Amino acid sequence: MSRRLQAPRGTFDVLGDAAQARAELERVARQILERAGYERAETPVFEATELFARGVGASTDIVQKEMYSFDDGGGRSLTLRPEGTAPICRAYIEHGMHKRPQPVKLWYMGPFFRAEAPQAGRYRQFAQIGAEAIGSDDPAVDAESILLLAELLEAVGARETRLRISSLGTPAMRAAYREELAAYLRAHEHELSAEVRGRIELNPLRAFDADHPGTRRVMDAAPRLLDRLSPEDVEHFGAVRELLDAAGLAYEIDTTLVRGLDYYTRTVFEFTSDALGAQSGVGGGGRYDGLVEQIGGPPTPGMGWAAGVERILLASPPRPTAPPPVDLYVAYAKAELRHQAFVLAADARRAGWAAQVELGGRSLKGQLKAAGRAGARYVAILGDEGMSLKDMESGEQRVVPPDTVIHHLKNGFA
Ligand code: AMP
């Protein structure tokens with residue numbers, strides 16, 4: 001006997017109610033984002049590895065250890081996309097979208113891949129909904145982008161969400177701040193966890209994320225990026241906050257907020273849910289004013305976010321999903337009538353009705369049971385004496401000509 005195979009670790013199948021819940025989430029996201037003028041975009045699931053392993057980005061956690069990269073057989077390295085922003089920027093450049101009215105607003109939903117240690121809420125293949133607005137550095141872009149994710153989370157009833165925001169300033173001042181922070185960390189090296197110590201040069205900002213008590217004590221007194229912002233960045237951040245305040249959206253300013261991807265500039269934000277366990281991040285993002293240029297495009301500002309589909313669903317109450325309606329079930333009494341039944345169901349579907357025909361070779365009695373289980377409104381029964389149509393709700397049954405079925409689906413027996 002062959003070995004029974006299972007889905008790989010960190011992956012899962014989406015079936016039944018879970019599939020319905022995802023479709024419903026996608027519908028709500030589409031409605032909210034398209035109302036704000038975001039257009040749907042789809043990019044390939046794999047890209048050239050260098051799109052994700054760029055100079056500056058090379059120190060991010062994802063690039064360091066979490067990418068599924070492979071040789072395409074011709075000596076080129078491809079990578080299953082770990083995130084959506086760089087591919088959308090690649091598409092923006094490739095399709096000359098800088099010539100369109102700015103900002104160009106795109107949204108997506110699809111699978112992403114990270115070779116992480118699986119745990120509750122953390123998978124190796126997961127889905128993200130994302131929204132990117134490329135081509136404007138107006139603080140209103142930042143505020144609206146954040147508001148749209150807030151709206152989505154509210155619309156699906158995500159529980160106990162919190163929004164934290166911060167500003168990371170410009171790349172130049174961030175570089176200077178990194179040096180300052182690295183020097184500070186080196187001065188306190190013996191108090192830090194080994195992991196943080198090993199990353200002082202690579203990514204000192206991540207030290208703010210550490211749980212290690214000694215490291216936390218050191219970080220409480222560490223210099224804060226927010227205190228080093230340039231006047232322009234302070235102004236930009238202030239304008240974003242004013243717009244969020246005007247929209248009545250509650251947030252906390254978190255000077256230690258750092259994101260896993262280090263192309264961010266200025267505004268960064270994250271929504272968490274206290275209803276989730278250790279993996280509490282529901283979605284987040286920020287401004288990435290240098291990214292388009294980094295991947296070979298003209299200097300172009302950008303702002304966006306990505307939210308985890310599974311996390312949103314985990315944080316939201318299950319919505320009762322109605323089974324899809326069945327208007328007509330076509331049953332037949334003997335094999336000779338199968339063709340006629342088959343065509344009748346196909347005709348009903350073409351006319352816009354939900355119609356099924358017996359596919360399991362069941363007896364007439366079995367077929368009627370199946371029709372009941374499916375919740376069919378009407379059952380057509382083809383027999384030697386022609387066709388009878390049964391209204392399953394009232395129980396009324398009439399002998400009618402087969403070509404009147406669609407009329408009756410619409411008008412009942414009236
Ligand atoms: P990131 O691109 O890292 O900012 O992630 C954005 C969102 O995607 C997170 O807030 C999570 O909701 C979700 N996410 C990221 N990584 C995973 C993963 N491995 N499994 C499930 N969801 C994830």
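When a ligand or atom number is given, it counts from 1 through the structure's own listing order. Along the sequence shown, residues are numbered consecutively beginning with 1. Every heavy atom of this structure was used, including side-chain atoms; hydrogens, water molecules and symmetry mates were not. It should be emphasised that the depicted structure is a prediction, and the values quoted were computed from it without experimental measurement.
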Heavy-atom contacts under 4.0 Å between [X] and ligand 1: side chain, backbone, both, or neither?
| X | result |
| --- | --- |
| I312 | neither |
| Q128 | side chain |
| E83 | neither |

Check each atom of ligand 1 against the heavy atoms of [X] and keep those under 4.0 Å away; list them by number with element.
| X | result |
| --- | --- |
| G308 | 7 (C), 8 (O), 12 (O), 13 (C) |
| G121 | 20 (N), 21 (C), 22 (N) |
| G283 | 10 (O) |
| A306 | 6 (C), 7 (C) |
| Y123 | 18 (C), 19 (N), 20 (N), 21 (C) |

Checklist entry - In terms of side-chain heavy atoms, does E132 have a donor or acceptor partner in Y38 at a distance below 3.5 Å? => result no
Checklist entry - Is R90 paired with E50 through a side-chain N to carboxylate O contact shorter than 4.0 Å? => result no
Item to check | Distance-minimising heavy-atom pair for I134 and Q102 | outcome: O-OE1, 3.3 Å
Next on the checklist: Quick one: does any side-chain atom of R178 pair with a main-chain N or O of L202 as donor and acceptor, under 3.5 Å?
Outcome noted: yes
Checklist entry - Just by distance, do the side chain of T215 and the backbone of S193 share a donor-acceptor pair under 3.5 Å? => result yes
Checklist entry - Hey, what's the ring geometry for F271 with F269, parallel, tilted or perpendicular (30° and 60° as the breaks)? => result perpendicular
Next on the checklist: I want to confirm something. Looking only at heavy atoms, which of W305, F112, F126 is nearest to atom 23 (C) of ligand 1?
Outcome noted: F126
Looking only at distances, please establish whether an N/O atom of ligand 1 is found under 3.5 Å from an N/O atom of [X].
| X | value |
| --- | --- |
| E310 | no |
| R114 | yes |
| G281 | yes |

Checklist entry - Would a 4.5 Å heavy-atom cut-off, applied to side chains only, mark L344 and V357 as touching? => result no
Next on the checklist: Just to verify, what does D72 make a side chain to side chain contact (heavy atoms under 4.5 Å, CB included) with, not counting sequence neighbours?
Outcome noted: R76, L78
